[in-house]
Each structure stands twice: as structure tokens, then as C-alpha cells.
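First comes the structure, then the notes that go with it.
Values in this document were obtained by computation on a predicted structure and should not be read as measured data. Residue numbering restarts at 1 for every chain, and letters A, B, ... go by the order of the sequence lines.
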2 protein chains.
Amino acid sequence: MAKVTPNSGSPRIREGGAVREVLDRIGDKWSLLVIGTLRAGPLRFGELEAAVAGISQRMLTLTLKHLVEDGLVARTAYAEVPPRVEYELTELGRTLVPLVMALAEWAMANREQINANRSGHAGGQGRP
Amino acid sequence: MAKVTPNSGSPRIREGGAVREVLDRIGDKWSLLVIGTLRAGPLRFGELEAAVAGISQRMLTLTLKHLVEDGLVARTAYAEVPPRVEYELTELGRTLVPLVMALAEWAMANREQINANRSGHAGGQGRP
DNA sequence: CCGTATCCTGTGGGATACTG
DNA sequence: CAGTATCCCACAGGATACGG
């Protein structure tokens with residue numbers, strides 16, 4: 001990741017540059033899942049941890065921190081005891097929801113097909 | 001990525017499961033970029049390498065191999081000299097194009113906003 | 001031209017334990 | 001409850017060199 005994509009020699013800005021840049025942010029292992037999980041409304045840390053199956057405390061903390069930094073998620077801490085913290089999508093974050101949902105639907109619709117291809121990749125299902 | 005997500009003991013298929021599964025396939029550093037690049041039609045290996053700025057030979061080879069295995073891309077080798085190989089999207093692969101393009105457009109439309117948030121994250125742009 | 005084979009590094013990310 | 005701190009390893013992925 002890191003390096004800002006050299007873009008070696010290309011005179012015009014490649015659309016790919018912006019895409020890569022954003023993909024490096026939200027294209028990690030958990031960001032899209034967290035965003036998708038927050039689509040219905042604010043959730044507490046613990047609720048998120050339970051909802052996003054398989055995520056570790058550490059990764060949830062880090063992912064949320066990044067999303068907050070990027071302005072996709074807002075964090076609200078209530079000064080009470082026991083402490084309560086809620087996370088919700090910002091305006092910007094919500095604009096991503098339709099895309100995430102589309103991706104999720106595509107995933108569910110096509111994963112069997114893909115798994116089938118992987119096992120015995122018969123091959124001829126796409127020839128145009 | 002790596003570990004196949006144990007999903008230990010979960011009796012019912014979590015929707016998150018399918019999403020994660022597919023995300024692990026196409027959510028890597030290059031797959032979506034390659035798919036997006038192939039949207040207009042077949043391209044040769046070298047053309048792809050030039051079009052996807054920053055990708056290394058190795059990663060292009062690996063990414064294409066995975067995409068072919070998953071049935072998203074078709075590979076056609078012409079037995080001539082010098083050798084020529086063309087890659088193009090399969091039917092299945094093409095169904096992903098709209099999503100990729102949507103993501104790309106979102107990326108281009110919002111990267112400045114995100115970058116601004118990152119630098120001095122002023123904060124108040126999303127309060128619902 | 002189109003790959004494959006090695007080598008090597010950075011780092012994503014899990015497990016675990018501790019704090020406010 | 002909501003994090004932070006450490007440790008540690010697998011593996012993504014770049015550089016380079018070689019084969020058909």
C-alpha cells in the first residue's frame with residue numbers, strides 16, 4: 001500500500017489513482033462490513049463486535065478509528081457509568097451504503113457460482 | 001485475509017459470511033482494478049500491465065490467475081510468435097462491472113472530501 | 001511477449017492481557 | 001463496557017532473474 005502510486009510517465013491523471021486511493025481506505029478486510037452493519041442506525045461498540053462475526057476487538061477499534069478519521073463514521077461518547085459509546089454513519093458514510101449493499105447482494109447471489117468454478121473449473125460458462 | 005474465516009460452529013449461514021468470502025476474492029489490492037480495466041473489451045497481458053498503473057508482473061499474473069479460476073475472466077492464448085494472450089471478462093465478470101464503476105465514481109467524487117477530513121478532521125460535516 | 005521461480009520485506013491482523 | 005498495549009506470525013506483494 002503506502003506509496004502514492006508512481007503513475008510513471010502517464011501524462012494524464014488516471015482514474016485508477018483515485019480509485020486505488022479510496023480502495024486502500026475502505027477496501028481492507030473489515031471497513032465495508034462495518035459500514036454495512038451500521039446502515040440501520042447507531043450501534044454501540046459491543047453490538048458492533050457481536051454483529052460483525054469474526055472481528056477482533058483490536059481490528060474493530062482500528063477500523064472504527066480509520067472510518068472516523070475519514071469522516072465516514074461519527075463517534076459519540078456518553079459520559080456515564082458504565083461508559084457508552086455509539087457509532088453511526090455520517091452523511092458521507094451513508095452515500096456508501098447503496099454500493100455496499102449492491103456488493104453484498106452480488107456476493108450472495110454469485111458465491112455458489114464462484115465456488116463451483118473454483119473447484120472443478122469447467123470453464124465454458126462465460127464465452128462471449 | 002489469509003485464514004479461511006473459521007466460522008467456527010455457526011450453524012446458519014451468516015449473510016456476512018458470503019460477503020466476507022467474496023470480499024476475500026475480489027477485495028484484494030488489484031482484482032477490482034483489473035476488472036474495471038477490462039470493462040471495455042479484451043486486453044493483452046502487456047496492455048493490462050500498462051493500463052493498471054503500479055501493478056507488478058507478478059501480481060498481474062497472480063490476480064489474473066485467480067480471476068480466471070473464479071470464472072470472472074477468460075484467458076485466450078493464440079499459438080503464434082511472438083505469443084499473444086488476451087483476457088476478457090466472462091458473463092459473470094461483466095455483472096460486476098456496474099458495481100466497480102459505481103465504486104470508482106464514488107471514489108473520484110469523494111476522495112478530496114476524505115483527504116480533507118483526514119488532514120484536519122474538523123468533524124462537523126455529517127451530523128445527522 | 002508472456003509468463004514462472006526465488007528471495008525478502010512490511011504489515012495486516014489474531015491472541016492475550018491490562019487499564020479507566 | 002470500551003478500549004490500549006504487546007507479541008508474533010502468515011502472507012501479500014515488490015524486485016529481480018530466468019525459461020518458452
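The line from CD1 of A/I114 to CZ of B/R25 is 7.0 Å long, rounded to the nearest 0.5 Å.
Distance, B/L60 CG to D/dG14 C1': 14 Å, rounded to whole Å. Across the protein-nucleic acid pair, B/E86 atom CD and C/dC1 atom P stand 15 Å apart, rounded to whole Å. We find that CD of A/E49 is positioned 10 Å from P of D/dC1, with the value rounded to whole Å. With rounding to whole Å, B/D28 atom CG is found 15 Å from D/dC11 atom P. For the pair B/R84 CZ and C/dG3 P, the interatomic distance rounds to 13 Å; values are reported in whole Å. D/dA2 atom P lies 8 Å from atom CD of A/E47, rounded to whole Å. Atom P of nucleotide D/dA2 and atom CE of A/M59 are separated by 19 Å, given to the nearest angstrom. Distance CZ (B/R25) to C1' (D/dA12): 16 Å, rounded to an integer number of Å.
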Under 3.5 Å, which donor-acceptor pairs do the side chains of residues 58-66 of chain B form with other protein atoms, sequence neighbours left out?
{"unit_1": "B/T61", "atom_1": "OG1", "unit_2": "B/Q57", "atom_2": "O", "d": "2.9"}
{"unit_1": "B/T63", "atom_1": "OG1", "unit_2": "B/M59", "atom_2": "O", "d": "2.6"}
{"unit_1": "B/H66", "atom_1": "ND1", "unit_2": "B/L62", "atom_2": "O", "d": "3.4"}

Show me the donor-acceptor pairs within less than 3.5 Å that the side chains of residues 39-51 of chain A make with the rest of the protein, sequence neighbours left out.
{"unit_1": "A/R39", "atom_1": "NH1", "unit_2": "A/G36", "atom_2": "O", "d": "2.8"}
{"unit_1": "A/E47", "atom_1": "OE1", "unit_2": "A/R44", "atom_2": "N", "d": "2.7"}

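Sorted by first and then second residue, the salt bridge (charged side-chain N to carboxylate O under 4.0 Å, His left out) pairs with a member in residues 71-82 of chain B read B/E80-B/R84; sequence neighbours excluded. Screening residues 95-109 of chain A for side-chain hydrogen bond (donor to acceptor under 3.5 Å, both in side chains) gives A/T95-B/W106, A/W106-A/N110, A/W106-B/T95 as the qualifying pairs, with residues at least two apart or on separate chains.
Phosphate contact (OP1/OP2 of C/dC2, side-chain N/O of B/Y87, threshold under 4.0 Å): absent. When the side-chain nitrogen and oxygen atoms of A/K65 are compared with OP1 and OP2 of D/dT4, one or more of them lie within a distance under 4.0 Å. For the pair B/R44 and C/dC2, the criterion of a side-chain N or O lying under 4.0 Å from OP1 or OP2 is met.
Distance from the side chain of A/T61 is smallest for D/dG3 among the nucleotides D/dA2, C/dC2, D/dG3. Out of C/dC1, C/dC2, D/dG14, the shortest distance to the side chain of B/F45 is found at C/dC2. The side chain of B/K29 lies closest to D/dG14, out of C/dG13, D/dG14, D/dG3. Considering only the side chain of A/R75, D/dG3 comes nearest among C/dG13, D/dC1, D/dG3.
In this structure a side-chain-to-backbone donor-acceptor pair under 3.5 Å is present from B/T90 to B/L72. Of the possible donor and acceptor atoms, one in the side chain of A/R20 sits under 3.5 Å from a partner among the backbone N and O of B/K29. Judged by distance alone, the side chain of B/D28 and the main-chain N or O of B/W30 form a donor-acceptor pair under 3.5 Å.
Legend: residues meeting side-chain hydrogen bond (donor to acceptor under 3.5 Å, both in side chains) with A/S56, ordered by chain and number and at least two apart, are absent. In terms of the side-chain hydrogen bond (donor to acceptor under 3.5 Å, both in side chains) criterion, A/T37 has no residue partners (sequence neighbours excluded).
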Q) Given pairs defined as Watson-Crick or G-U wobble with both distances under 3.5 Å, what dot-bracket annotation applies to DNA chain D, with ( ) intrastrand, [ ] crossing, | other strand and . unpaired? A) ||||||||||||||||||||
Using atom names, set out every protein N or O paired with an N or O of nucleotides 15-20 of chain C below 3.5 Å, distance rounded to 0.1 Å.
none

